[in-house]
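Below is one structure, written out as structure tokens; the observations come after it.
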Amino acid sequence: MQKKLKLWDAIMLVMGSMIGSGIFIVSADMMRNLGSGFWLIIVWVITGVMTVAAAISYGELSALFPKAGGQYTYLKEIFGKKMGFLYGWGLFTVIQTGTIAAVAMAFGKFTAYLVPSLNDAAPLFQSGEFKITWVQILAIAVIILLTYVNTRGVESGKILQNIFTGSKIIALVGLIALGFILVDISHLAENFSISDSYNNLKKDIQGNFLKEGWAPIEGMTLLGGIAAAMVGSVFSSVAWESVTFVSGEIDNPKKNVVKSMIYGTSAVMILYIAVNLVYLNALDRDGIAFAANDRVAVAASQNIFGSAGTIIIALLVMISTFGCDNGLILAGARVFQTMAKDGMFFKSAVKNNKNEVPENALWMQGIWASLLCLSGQYGNLLDMISFVIVLFYMITVFGVIYLRIKQPALERPYKTWMYPVTPVIYLIIGTGFCILLLIYKQQYTWPGFIMVLLGLPVYYFINRKKQA
């Protein structure tokens with residue numbers, strides 16, 4: 001692997017992979033679960049602490065195993081091939097590819113804001129509930145284009161990543177600043193005065209939430225609301241570990257991978273909290289909770305910029321999702337190539353092309369992500385995987401503690417800051433999140449868990465000859 005990615009490129013990959021469409025949408029559902037501006041910000045702060053604690057902990061593993069494959073490699077080296085495969089299986093079937101599909105669809109849907117004919121056009125194909133629309137075709141076109149760009153070499157993907165990530169960071173900073181300057185009526189004090197948590201559980205016959213009847217919640221019910229709200233904030237804050245997938249192509253990976261994760265995740269979480277403060281400033285509680293199609297950013301932007309707000313946010317989301325997908329596509333293929341080298345994926349994924357990138361792995365990832373776009377099931381799949389993603393994060397973070405106990409003499413170029421406090425903080429919050437979801441929101445847990453466990457028979461099938 002050629003070391004073509006510097007520290008700045010790695011930070012841009014972390015930030016670009018994290019900032020997709022979630023931050024513009026998820027706060028609506030979070031507010032419906034919490035009913036309080038105070039608790040909304042608390043949940044984002046908890047997610048921020050979790051995310052940065054995980055990044056700091058991963059730093060120790062990235063310095064110990066500074067090669068391509070990242071989290072897959074850590075899990076395989078610490079807990080064995082089976083655990084590594086289950087993570088890689090989940091990554092290919094839904095975590096990475098499902099996220100690529102969902103982000104590409106978000107690009108298509110916000111493009112349709114600017115080009116309404118995309119929404120108005122009749123489906124290209126329809127059979128019962130299954131249909132293929134122009135928005136889906138546009139999403140697939142984005143995946144194919146970005147996959148092709150990344151087959152041209154890591155330099156091409158890097159330049160694209162830096163341009164689009166830089167653009168969306170500037171745009172977000174501008175939105176944050178103007179969100180406090182241009183708003184005529186501030187709702188910030190009003191939203192924060194609601195320090196108790198409220199939940200609206202009433203729905204109409206179509207399943208839409210009703211604005212009437214916010215009911216106070218407390219005790220375990222409040223904890224359930226926090227866990228449900230965290231599904232959105234956690235989903236918006238994942239994919240930072242993508243930088244570990246390309247460790248083999250980063251200059252001085254023992255230092256730069258950990259720096260990029262800590263700097264990148266910290267900066268993104270600060271941006272996320274600031275953006276939510278803009279929402280709370282520009283909109284009242286109902287304006288956030290019941291924003292049309294959950295597009296909180298659009299509703300807030302209309303209050304900030306007037307009628308031009310929709311266009312501004314549509315362009316920002318298009319820039320954001322395009323750059324996010326590029327980062328996900330660039331990084332994900334490196335894991336599947338590493339798995340192939342271990343005999344855990346299609347053999348043809350091993351080879352690099354003349355541009356020194358895993359072209360076959362890139363196209364396999366792109367084709368599956370495109371099929372998920374056509375299936376229309378990526379949204380349901382993504383609802384299921386926040387639990388699984390956090391579960392794998394927890395196993396990996398626990399790996400730091402496990403290695404300290406099992407192999408204390410290992411030379412560690414970087415040691416986790418404030419060990420063991422930092423990994424323990426993540427494990428406590430993560431465990432609480434998972435337990436509360438298992439109790440209150442099981443639809444977010446078992447389906448994703450079962451999907452990962454389906455990888456076990458595949459693992460045994462792949463290894464049947466080795467065991468014979």
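Quick note: numbers below take in every heavy atom, side chains included, and nothing from hydrogens, waters or symmetry partners.
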To the closest 0.5 Å, what do you measure between [atom1] ([X]) and [atom2] ([Y])?
{"X": "Thr147", "Y": "Ile140", "atom1": "OG1", "atom2": "CD1", "answer": "11.5 Å"}
{"X": "Phe125", "Y": "Lys131", "atom1": "CZ", "atom2": "NZ", "answer": "13.0 Å"}
{"X": "Gln71", "Y": "Ser247", "atom1": "CD", "atom2": "OG", "answer": "11.5 Å"}
{"X": "Met364", "Y": "Phe336", "atom1": "CE", "atom2": "CZ", "answer": "11.0 Å"}

Does [X] use its side chain to pair, donor to acceptor, with the backbone of [Y] at less than 3.5 Å?
{"X": "Asn256", "Y": "Asp251", "result": "yes"}
{"X": "Thr422", "Y": "Ala53", "result": "no"}
{"X": "Asn281", "Y": "Ser186", "result": "no"}
{"X": "Asn303", "Y": "Ala282", "result": "yes"}
{"X": "Arg334", "Y": "Leu330", "result": "yes"}
{"X": "Asp325", "Y": "Thr321", "result": "no"}
{"X": "Gln302", "Y": "Ser307", "result": "no"}

Electrostatic pair Glu190-Arg285, nearest N-O below 4.0 angstrom:
no

Answer yes or no: is there an ion pair linking Arg32 with Asp29, defined by an N-O contact shorter than 4.0 Å?
yes

Hey, mind stepping through Tyr72 and Tyr87 against ring-ring contact (aromatic ring centres under 6.0 Å, His included) and telling me if it holds?
CA-CA 6 Å; Tyr72 160 76; Tyr87 172 73; 7.5 Å; no

Test item: side-chain donor near acceptor, Thr416 and Glu60, under 3.5 Å
yes

Residues, nucleotides or ligands: over 12 heavy atoms within 6.0 Å of Ile311 CD1:
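Not buried by this count: 12 neighbours or fewer within 6.0 Å.
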
Closest heavy-atom pair and its distance - Gly323, Gln161
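Heavy atoms only, the tightest pair is O-OE1, 3.1 Å.
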
Can you name the closest pair of heavy atoms from Thr151 and Val357 and give their distance?
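Residues Thr151 and Val357, closest heavy atoms: O-CG2, 3.4 Å.
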
Evaluate Ile428 against Phe433 for side-chain contact (heavy atoms from CB on, under 4.5 Å), listing each step before the verdict.
CA-CA 9 Å; Ile428 289 171; Phe433 171 72; over 6 Å; no

Between Lys158 and Val246, is any pair of side-chain heavy atoms under 4.5 Å apart?
no

